[in-house]
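Side chains are part of it too, since the values below use all heavy atoms of this structure and drop only hydrogens, waters and symmetry mates.
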Amino acid sequence: MKKFDYIIIGSGQAGIPLAFSLSKEGTVAIIEKSFLGGTCVNNGCIPTKAYVASARRVWDAFHGDDLGVEIPKGTKANLKKIKERKDELVNESRSNIERAIKRDEKITLYHGEAHFLSNYEIKVGDTILTAKKIFINVGARAVVPEEYREVPFYTNENILEITSIPKHLIIIGGSYIGLEFAQIFRRFGSEVTIIERNKQLINREDQTVTDVVAEIMRAEGINLVFNAKDISVKENKKESIILKTGTKEINGTHLLLAIGRVPNNDTLQLQNTTIELDDKKYIKVNNYCQTNVDGIFAIGDCNGQGAFTHTAYNDFQIVKSFLFKKKERKISDRITTYGLFIDPPLGRIGMTKKEALEKGYEILVGYRPMTKVNRAKEKAETLGFMEAVIDAKTNLFLGACVLGVCGDEIINGITNLMYAKKPYTVLRDSIHIHPTVSELIPTMLEDLKSIAK
C-alpha cells in the first residue's frame with residue numbers, strides 16, 4: 001500500500017490546479033483512467049470551439065455578398081483537416097499538463113480506473129493507494145438510454161473523431177450540446193434534424209430566447225421537430241438510420257445523442273464506502289464540496305453543483321480556500337452563468353424572467369433587439385437581442401442575457417456588476433466605447449418595463 005498526503009481521482013479542470021496547489025504542502029497522487037485534462041480539454045470546450053471556429057469560416061465564405069464581397073464558389077469543409085487542427089490543440093493542452101506533472105516531484109500520476117476498497121483505500125490496477133484527504137473529480141458522460149444501444153450512435157465524444165461529413169445527421173436533444181453540433185455540421189455541409197421531446201429548445205430558458213434560437217437554427221436550414229413522443233430508431237442498412245416519432249419517419253445516416261449527462265460516480269465502486277449519493281447519483285456535498293465522509297471531497301461535474309468548466313474551477317478555488325483555513329468561498333455564493341456557443345452566441349447570467357417571477361420578485365425588464373444595435377447592423381449580424389432582469393425593490397440585477405453577436409463576451413460585464421452587488425444604474429450611467437454592441441446596454445437600461453407575477 002502506498003501512502004500519500006492527498007489523492008485526486010480525475011484530471012479535469014478542478015483536479016489539476018488542485019494538484020499543483022497541494023503539492024506545495026505534501027505528496028499528491030493523481031489517478032486518471034483516460035486522457036489528461038478531463039472533458040474540457042478532450043471532448044468539450046477546446047475541441048468543440050475549434051469546430052465552431054471552422055464552421056464560422058465556412059459560413060463567412062458563403063455570406064460574402066452580405067457585405068458586398070464576391071467570394072468565388074467552391075468552398076467546402078475538409079473534416080479531416082478540421083479534425084487535425086482540433087487534435088493539435090487538444091494534444092498541446094494534454095502535453096502541457098503532462099509536462100507540468102512530470103516537473104513536480106511531489107506529484108505521482110497513476111493511469112487506470114480508481115476503485116474504492118474502503119473510505120480511504122483506492123485500488124488502481126494492482127496498486128492500492130491511501131490518503132487522509134481524497135478529492136473525487138471524475139466528471140460526467142453522455143446519457144445513452146437502452147433503446148438506442150441497438151443502433152450505431154454518436155455522443156459528444158466520438159463524433160469528434162469522424163473524418164467524413166455526415167449526409168444527414170439526426171440529433172436527439174435540442175439543448176446546448178445538440179444545438180452546437182447541429183450548427184457545426186450544418187455549416188460543414190450535412191443535412192441536420194433536431195428531435196426535441198419538449199415544446200421548445202433549451203427548456204430551461206425563457207420563451208423569448210428559445211424562439212430566437214429556433215429562428216437561428218431554421219435560418220441555417222436545420223430541421224426542428226418538437227413534442228417528439230414515442231421515439232424509436234432502427235438501422236435499415238449500413239449507414240442508414242430510421243427514426244420514428246408519432247406518425248413522422250425520418251431517414252438519416254448518423255445519429256447523435258445529446259439527451260443529457262450522467263455522473264461517472266458509478267465507476268468508483270462507492271458501495272465499498274459510506275459516501276452518500278443523491279437520487280440522481282451525484283455525490284452529496286456541502287457548501288465547501290465536502291462529502292459526508294471526513295476528508296473526502298467531490299469537485300466538478302460529479303457533485304451536481306454545476307456542469308461547466310468554470311464551475312469546476314470554482315470548486316477548486318472553494319476547496320483550496322477551505323483547506324488553507326480561509327473559507328472565503330462557497331458554492332452558495334456562485335451565480336449561475338453559462339454560454340450557448342452557437343453563432344450568434346448566448347451569454348446568460350443569473351435568473352431568467354420566468355425564474356425571477358416564480359420566486360416572487362417584482363421585476364423591471366430591459367430589452368433591445370440586435371436590429372437596433374448599429375454595430376450588429378454594420379456586421380450584418382442582427383439576429384438576437386439583449387435583456388436585463390432587475391429587482392424593482394433593490395435595483396440590483398437578478399439576471400441578464402445577450403443573445404447575439406459577441407454575447408458570450410459581453411455578458412461578463414454584467415456578471416462583474418452582480419458579484420459587486422451594485423445597482424443597474426451604475427451600468428446605465430456609464431460611458432462605453434462607440435461603436436460597440438455593449439454600448440447599447442446602458443441605453444437599454446434607460447427604458448425598463450415593470451412586470452409583476
Side-chain angles (χ1 to χ4, degrees), residues 52 56 59 63 66 174-176 179-180 182-183 199-220 222 224 226 335-358 361 363-392 396-418 424-425 427-428 430 432-451:
V52 166
R56 172 66 194 214
W59 187 89
H63 288 80
D66 297 349
S175 196
Y176 310 100
L179 290 168
E180 289 179 26
Q183 191 180 59
K199 64 180 181 179
Q200 64 181 42
L201 301 171
I202 331 176
N203 202 44
R204 70 184 290 176
E205 272 291 348
D206 281 327
Q207 191 74 45
T208 46
V209 171
T210 63
D211 285 348
V212 174
V213 172
E215 180 186 353
I216 291 167
M217 294 294 111
R218 290 192 177 105
E220 300 269 351
I222 294 168
L224 303 178
F226 294 109
I335 303 172
T336 299
T337 186
Y338 55 83
L340 168 63
F341 296 96
I342 58 171
D343 183 19
L346 166 70
R348 160 70 71 188
I349 176 70
M351 300 181 208
T352 63
K353 294 193 302 292
K354 179 172 63 176
E355 289 169 335
L357 291 172
E358 286 175 350
Y361 287 98
I363 61 175
L364 302 172
V365 176
Y367 176 89
R368 192 174 189 88
M370 288 294 171
T371 53
K372 293 186 177 180
V373 176
N374 281 340
R375 188 65 191 276
K377 290 194 284 187
E378 291 151 11
K379 288 173 172 280
E381 297 181 46
T382 56
L383 286 172
F385 63 92
M386 52 182 69
E387 185 176 65
V389 182
I390 311 295
D391 184 343
L396 295 176
F397 280 95
L398 293 173
C401 72
V402 181
L403 173 54
V405 58
C406 303
D408 51 339
E409 297 286 351
I410 291 169
I411 199 66
N412 289 318
I414 297 178
T415 299
N416 294 337
L417 209 60
M418 288 183 68
Y424 81 92
T425 51
L427 186 52
R428 183 198 64 188
S430 64
H432 286 209
I433 295 171
H434 174 80
T436 60
V437 177
S438 62
E439 71 169 320
L440 272 299
I441 292 179
T443 304
M444 172 187 70
L445 294 173
E446 291 175 354
D447 184 22
L448 302 179
K449 307 296 184 186
S450 178
I451 299 179

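Ile410 and Val405 make their closest contact through CD1-O, 3.9 Å (heavy atoms, listed as atom of the first residue, atom of the second, distance). For the residue pair Ile202 and Thr210, the shortest heavy atom distance occurs at O-CG2, 3.5 Å. The heavy-atom pair separating Pro442 from Arg428 by the smallest distance is CB-O, 3.4 Å.
Side-chain contact check for Tyr176 versus Arg204: some heavy-atom pair is nearer than 4.5 Å. Two residues are said to be in side-chain contact when any heavy atoms from C-beta on lie closer than 4.5 Å; Leu448 and Tyr424 meet this criterion. Two residues are said to be in side-chain contact when any heavy atoms from C-beta on lie closer than 4.5 Å; Tyr367 and Glu387 meet this criterion. Within the 4.5 Å cutoff, the side chain of His432 has heavy atoms near those of the Leu427 side chain. Two residues are said to be in side-chain contact when any heavy atoms from C-beta on lie closer than 4.5 Å; Met386 and Met370 meet this criterion. By the 4.5 Å heavy-atom criterion applied to side chains, Phe397 and Ile390 are counted as neighbours. With contacts defined as side-chain heavy-atom distances shorter than 4.5 Å, the pair Val389/Glu355 does not qualify. Residues Ile363 and Met351 are not in side-chain contact: their nearest non-hydrogen atoms beyond the backbone lie 4.5 Å or more apart.
Side-chain atoms of Gln183 come within 3.5 Å of backbone atoms of Asp343 as a donor-acceptor pair (strictly under, hydrogens ignored). Of the possible polar contacts, one joining the Asp206 side chain to the Lys354 backbone as a donor-acceptor pair under 3.5 Å is found. Proximity of a side-chain donor or acceptor of Thr337 to a complementary backbone N or O of Arg348 within less than 3.5 Å is detected. Between the side chain of Glu439 and the backbone N or O of Thr436, at least one donor-acceptor pair lies under 3.5 Å.
The pair Arg56-Glu381 meets the salt-bridge criterion, with a side-chain N (NZ, NE, NH1 or NH2) lying under 4.0 Å from an Asp/Glu carboxylate O.
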>> Does Lys353 form a side-chain hydrogen bond (donor to acceptor under 3.5 Å, both in side chains) with Thr208? I'd like the steps, not just the answer.
In response: CA-CA 10 Å; Lys353 294 193 302 292; Thr208 46; 3.2 Å; yes
>> Determine whether Phe385 and Val209 satisfy the following criterion, side-chain contact (heavy atoms from CB on, under 4.5 Å), listing intermediate values before the conclusion.
In response: CA-CA 9 Å; Phe385 63 92; Val209 171; 3.7 Å; yes
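Annotation: side chain to side chain donor-acceptor pair (under 3.5 Å) contacts of Glu378 (sequence neighbours excluded): none. Residues that satisfy the salt bridge (charged side-chain N to carboxylate O under 4.0 Å, His left out) test with Lys449, not counting sequence neighbours, are Asp447.
Atom CG of Leu179 sits about 5.5 Å away from atom CG of Leu340, to the nearest 0.5 Å.
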